[in-house]
Amino acid sequence: MSQKRVLTGVKPTGTVHLGNYVGAIKPAVKLINDARDCFLFVADYHALNAVRDAKELKESSYSVAATYLAFGIDLDKTVFYRQSDIPQIFELATILAAVTPKGLMNRSHAYKAMIDKNTAAGKTGSELDDGVNMGLYTYPILMAADILIAQSDIVPVGKDQIQHIEMTRDMAGSFNHLFGETFKLPEFQVQESAGAIPGLDGQKMSKSYNNIIPLFETNKRRQKLIMKIVTDSKLPEEPKDPESSTIYQLYTQFGTEAEIAEMKKAFEQGGMGYGDAKKLLAEAVNRELEGPTELYNEWLENRAKLDELLDAGAETARAVAKDTIRDVRKAIGVKA
Ligand code: ADP
Ligand code: TRP
């Protein structure tokens, strides 16, 4: 087990689905529980760039917290908190902004994606910045502050976030160069992911495509959705290619090895209809998610307890953050 400090943040955004679970939540919980010293936080101020509804931000923040608790993060070695409870993060973001060239932000994927979207919509000139607020534009600075405030060593992230860790290293390196060794340079650790999980229509499962199977549902509702997965019209006795079947692809994430092998064989040999395969899939998914769903609902009904846990985590995180910001203030010449 590593002694290194592992830190990761989760942006609260709407309904979580099976794709988020397989691609992000499950691998993160494993990494967190394999580490000895862990910081995990709800990145609520990152969500603010896109959310304009107080109730929505509040609800999805609780939901993220309940999700990680439902999947059993070990609170004995995990400091679990809300970003918004650590004011030193925002002070550090201001300081980092002073040593960050604007050009670095211009290269950020999140910002560039918005420019690409506007370009595709036929916009030109200053309209290219439509929909870009300064929070989105400087997102990598806030993220660097999240990471550096806790003196993190390792940051587990999805592939899409690697660039942000590289930018964090750039900012920490510039600061150290200008003001003396203050920050450790964190490393990213890419979460192993099974690739994109398909949704009901066979495209990548995503909130934006309206094709999701929500993570926390009743067994009945989950089964109902699974029965809606789009298939071709092959008859049960016709051989089918498992690799191009959404049902089989999902089954590889939830079935046991033996069950997966069995479905593969049945598909290839033409011994299974889609209806039966969907039933097997629903059983496997429900088996894995029934327990966590119950826990999730219990946590959501007990918000006072959730607040208590997050407040306690914030206290520990603030103690670390205060030490960091004291060193940073000293380094730059502000009264520490
Ligand atoms: P959505 O596409 O529904 O908006 P997000 O972009 O909020 O999902 O994704 C949050 C996390 O879940 C990311 O780390 C992403 O890699 C992972 N993820 C999302 N959809 C899938 C999917 N279909 N398969 C695997 N991982 C996914
Ligand atoms: N940007 C990350 C995401 O969208 C969330 C995040 C915010 C984060 N701050 C972080 C992840 C710090 C790792 C470390 O998924």
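In listed order, ligands and their atoms are each counted from 1.
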Next on the checklist: Tell me whether Ser206 has any N or O atom under 3.5 angstrom from an N or O of ligand 1.
Outcome noted: yes

Checklist entry - Which of the listed options, Asn211, Val22, Asn20, Val10, holds the heavy atom that is closest to atom 17 (C) of ligand 1? => result Asn20

Checklist outcome for this item: Of all protein heavy atoms, the one nearest atom 9 (N) of ligand 2 is Asp146 OD2, 2.8 Å

Item to check | Ring center gap for His164 and Tyr139 short of 6.0 angstrom | outcome: yes

Next on the checklist: At under 4.0 Å between heavy atoms, is it the side chain or the backbone of Ile147 that contacts ligand 2, or both, or neither?
Outcome noted: side chain

Item to check | Short N-O contact, Glu187 and Lys4, less than 4.0 angstrom | outcome: no

Checklist outcome for this item: Nearest heavy atom to atom 20 (N) of ligand 1, choosing from Met205, Lys207, Gln253, belongs to Met205

Next on the checklist: Pairs of nitrogen or oxygen atoms closer than 3.5 Å, one from Ser208 and one from ligand 1: do any exist?
Outcome noted: no

Checklist entry - Based purely on interatomic distance, does Gln161 place a nitrogen or oxygen under 3.5 Å from a nitrogen or oxygen of ligand 2? => result yes

Item to check | Gly158 to ligand 1, any heavy atom closer than 4.0 Å | outcome: no

Next on the checklist: So, regarding Ala196 and ligand 1 (criterion: nitrogen or oxygen to nitrogen or oxygen, under 3.5 Å), is there a contact or not?
Outcome noted: no

Item to check | N-O pairing of Lys184 and Asp153 below 4.0 Å | outcome: yes

Item to check | N or O contact, Gly19 vs ligand 1, cut-off under 3.5 Å | outcome: yes

Checklist entry - Mind checking whether Phe80 and Phe39 have ring centres under 6.0 Å apart? => result no

Next on the checklist: Walk me through whether Glu91 and Arg329 qualify under salt bridge (charged side-chain N to carboxylate O under 4.0 Å, His left out).
Outcome noted: CA-CA 10 Å; Glu91 180 173 351; Arg329 282 175 160 232; 2.7 Å; yes

Checklist entry - In terms of side-chain heavy atoms, does Ser84 have a donor or acceptor partner in Asp44 at a distance below 3.5 Å? => result yes

Checklist entry - Is His17 near ligand 1, meaning one of its heavy atoms is under 4.0 Å from it? => result yes

Next on the checklist: For ligand 2 and Thr8, I'd like to know whether there is a polar contact (N/O to N/O, distance under 3.5 Å).
Outcome noted: no

Checklist entry - How does Phe41 reach ligand 2, by side chain, by backbone, by both or by neither, if only non-hydrogen atoms under 4.0 Å count? => result side chain

Item to check | Ring centroid separation Phe90 to Tyr45 under 6.0 Å | outcome: yes

Next on the checklist: Can you confirm whether Glu257 is buried at CD, in the sense that more than 12 heavy atoms of other residues, nucleotides or ligands lie under 6.0 Å from that atom?
Outcome noted: no

Checklist entry - Quick one: do the Ser244 and Asp241 side chains pair a donor with an acceptor below 3.5 Å? => result yes

